[in-house]
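Below is one structure, written out as structure tokens; comments come after it.
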2 protein chains.
Amino acid sequence: MLGEINQSLERLSRAEKQVAEWVLAHPRQVTESTVAEVARACATSEPSVIRFCRRMGLSGFRELTIRLTEALSRPDSLVHRDVSAADSTADATVKVVEAAIQSLVDLRSQLSRMPFERVVARMATSQQFVFAGLGASGHVASDASHKFFRLGKPCNALTDTPSIRQFGAIAGSRDVFVLISKNGDAPVLREAARRARDNGAFVIAVTNPGSELAAAASSVFACDSQEDTNIYTPRSSRLVHLAVLDALHVATALALGDFAADNLRRSKDALLVDPGAAGG
Amino acid sequence: MLGEINQSLERLSRAEKQVAEWVLAHPRQVTESTVAEVARACATSEPSVIRFCRRMGLSGFRELTIRLTEALSRPDSLVHRDVSAADSTADATVKVVEAAIQSLVDLRSQLSRMPFERVVARMATSQQFVFAGLGASGHVASDASHKFFRLGKPCNALTDTPSIRQFGAIAGSRDVFVLISKNGDAPVLREAARRARDNGAFVIAVTNPGSELAAAASSVFACDSQEDTNIYTPRSSRLVHLAVLDALHVATALALGDFAADNLRRSKDALLVDPGAAGG
DNA sequence: GAAAAGATGTAGTATTACTACATGTTGGGT
DNA sequence: ACCCAACATGTAGTAATACTACATCTTTTC
């Protein structure tokens, strides 16, 4: 539908083109508006809106709203459009969520190229997991630690520069060190990764594959970071990192078998007994 | 949508149930009909049709047609399959990511029913934002605080019981209190929400719509929590909560206009100057 | 430069969603 | 058995919304 409108843009008259452009810019909003509202937003009259619908081969405004909601809930509407200052609240929120979906769909197609087998094998025999990240990635690290800890292995999250640097120095061959970063260009992370690896630790990087951090790691989960050209666009990379660690968590649990399953079950039971502490 | 109708079938009265059943049987037809036509097909009256819509939590018949076209044009190919112990590592990872995608796709279809407009209006004029959550939701709260803080308003994240209880007592009319919880059944959160609201604070709940926490809040972002039947399945609700807060963040930024855009741009610039502190 | 063809908006109509209220129905208490 | 209350349902009316007829203005053409 939106494609058809775009294609017909040329052969429309002035007023009709105004309507068409506004519809393309705010499709979601159209579905919740009346003819009068659209006319006002386009600085034109109601009949022009109706005429636009007819010109598109529709029976009227009602059919336009139906066709648009169809188009918006189809998967091919997942063309990522940046949020702009002119967007309505509804348009903006949809765009944000669609961007998140898109990045996870991309992730799925890259899963098979990620070194899950190898990493899981090493994690299953290691003694502790340490997750590290700065800024927004720090929250991802904390979340991961909170999650893996339920497998029954000692876990830690490091979210500040000195701690990360220190652990790089003391990490040993029985440790798994997971470093999370969007760009992977923070020197602290690269240095910590290098030292830990020199000490015999298994170093995993969840980051941009072209980065220095990736080069310093034993295994890399490559998460391409598309540029944030728009200041309003939030970083979907965080969601991707979380999903990667979710997948790794489940894969590790399967590898650990009964031992992990038991611990998971017990930790879930513990929450049920005392809902006051649940909250999750 | 159709699932929700099916689920509510029991608690409907006779006339309403007639409507519900006809809608389930002829969903496509509803989208092209008028209230009168549906009423006639169900051998009942127009008000009963309207009442049915209201009972389903919709604003009226118009919204029903929109929700139905959405439901009908969304391919439910992404049927979520649980991870089982027999899965290979590759299978398991794909399932985990697909479950995450599915939950975000569901979220998108529910966005239009969420009170973004109202909440944003209130947030734009408030003095500080406080985010709270326990366990896994605590990390979501921290992440949200870290994100909203870049808009230039004071932010805080509370992730333990005493802090949350205390803030509930001291929150005032210029505060926005955002409580995040999967089930919403932690008494601490409900009590804190209630007290804060009594004190005049604006209380937002990101949680299960049927929960006590939701009932105690000023505005609710309803995130249905499907059961975790399988211990290996991670909780996608966390991703959904993050996405909701992302959307709210962007919407708020748009509402604040130049002021927020300026702060966002400056905070991004600050990271560029010193990549050592970036990490995100 | 005038007339014709087309585009656009004003004002009005018909349709449609929705509401107020009166009537019927069921369940519980005395 | 009776009454009352609460709830469910439909009738009739209202407000809104989509759509149309026509007059005005613009552009094109000879």
Side-chain angles (χ1 to χ4, degrees), chain A residues 1 4-5 7-24 26-72 88 90, chain B residues 1 5 7-24 26-72 112-113 117:
Chain A
M1 188 72 236
E4 293 171 38
I5 297 176
Q7 205 165 1
S8 314
L9 257 176
E10 296 315 312
R11 61 173 187 202
L12 294 176
S13 67
R14 181 185 59 77
E16 287 168 350
K17 196 186 287 187
Q18 283 178 348
V19 177
E21 277 166 359
W22 195 83
V23 170
L24 286 174
H26 312 273
R28 170 74 53 179
Q29 206 162 334
V30 173
T31 66
E32 295 164 356
S33 305
T34 68
V35 178
E37 285 165 354
V38 174
R40 185 148 31 82
C42 303
T44 181
S45 64
E46 298 191 24
S48 294
V49 177
I50 306 282
R51 276 191 284 264
F52 160 75
C53 299
R54 297 273 153 81
R55 192 67 71 102
M56 299 307 302
L58 307 172
S59 69
F61 184 75
R62 276 217 179 104
E63 195 179 344
L64 176 70
T65 61
I66 292 179
R67 293 286 97 80
L68 280 178
T69 44
E70 269 179 12
L72 288 175
S88 74
Chain B
M1 187 73 237
I5 296 176
Q7 204 166 359
S8 315
L9 258 177
E10 296 315 312
R11 61 170 188 202
L12 295 177
S13 66
R14 182 185 57 76
E16 287 167 351
K17 197 186 287 186
Q18 284 177 351
V19 177
E21 277 165 357
W22 194 84
V23 170
L24 286 174
H26 314 272
R28 170 71 57 179
Q29 210 161 331
V30 174
T31 65
E32 296 163 354
S33 306
T34 68
V35 178
E37 285 165 354
V38 173
R40 187 148 28 83
C42 302
T44 180
S45 65
E46 298 191 24
S48 294
V49 177
I50 306 283
R51 275 192 285 263
F52 161 74
C53 300
R54 296 274 154 80
R55 193 68 72 101
M56 298 308 302
L58 308 172
S59 70
F61 183 77
R62 286 233 168 90
E63 196 180 346
L64 176 69
T65 61
I66 291 179
R67 292 288 95 79
L68 280 178
T69 46
E70 269 180 11
L72 288 174
S112 53
R113 264 174 289 172
E117 300 277 3

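Below, chains carry the letters A, B, ... as their sequence lines are ordered, and counting in each starts from 1.
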Identify which nucleotide among dT16(C), dC18(C), dT8(C) has an atom closest to any side-chain atom of Arg54(B), counting heavy atoms from C-beta outward. dC18(C)

When you measure from the side chain of Glu16(B) to the backbone N and O of Leu12(B), does any donor-acceptor pair fall under 3.5 Å? no

Separation of dT8(C) atom P from Lys17(A) atom NZ, nearest Å, is 11 Å

Pick base, sugar-phosphate or nothing for Arg14(A), based on heavy-atom distances below 4.0 Å to the nucleic acid. sugar-phosphate

Scanning both residues in full, the closest heavy-atom pair of Pro27(A) with Leu68(A) reads O-CD1, 4.0 Å

If I take atom CD in residue Glu46(B) and atom C1' in nucleotide dT14(D), what distance separates them, rounded to the nearest angstrom? 13 Å

Considering just the side-chain nitrogens and oxygens of Ser13(B), establish if one lies under 4.0 Å of OP1 or OP2 belonging to dT9(D). yes

Within this structure, what is the CZ-to-P distance between Arg55(A) and dG6(C), rounded to whole angstrom? 11 Å

Are side-chain heavy atoms of Val35(B) and Ile50(B) found at a separation under 4.5 Å? yes

Carboxylate-amine/guanidinium proximity below 4.0 Å for Glu37(B) and Arg40(B): no

What distance do Arg67(A) atom CZ and Ile5(A) atom CD1 have between them, rounded to the nearest 0.5 Å? 12.0 Å

Quick check: do Trp22(A) and Gln29(A) have side-chain heavy atoms less than 4.5 Å from each other? yes

Separation of Glu37(A) atom CD from dA16(D) atom P, in whole Å? 12 Å

Distance check needed: dA17(C) C1' versus Leu64(B) CG, whole Å only. 13 Å

Between Ala15(B) and Thr44(B), the two heavy atoms sitting closest are CB-OG1, 3.9 Å

Given that Arg62(B) and Ser48(B) both sit by DNA chain D, which one's nearest nucleotide is further toward the 5' end? Ser48(B)

Nearest-Å distance, CD1 (Ile50(B)) to P (dC18(C))? 4 Å

Whole-Å distance separating the CZ atom of Arg51(A) from the C1' atom of dC22(D): 11 Å

Tell me, which of residues 38-45 of chain A have any heavy atom that sits under 4.0 Å from an atom in DNA chain C? Thr44(A), Ser45(A)

Spacing of Glu16(A) atom CD relative to dG6(C) atom C1', expressed in whole Å: 11 Å

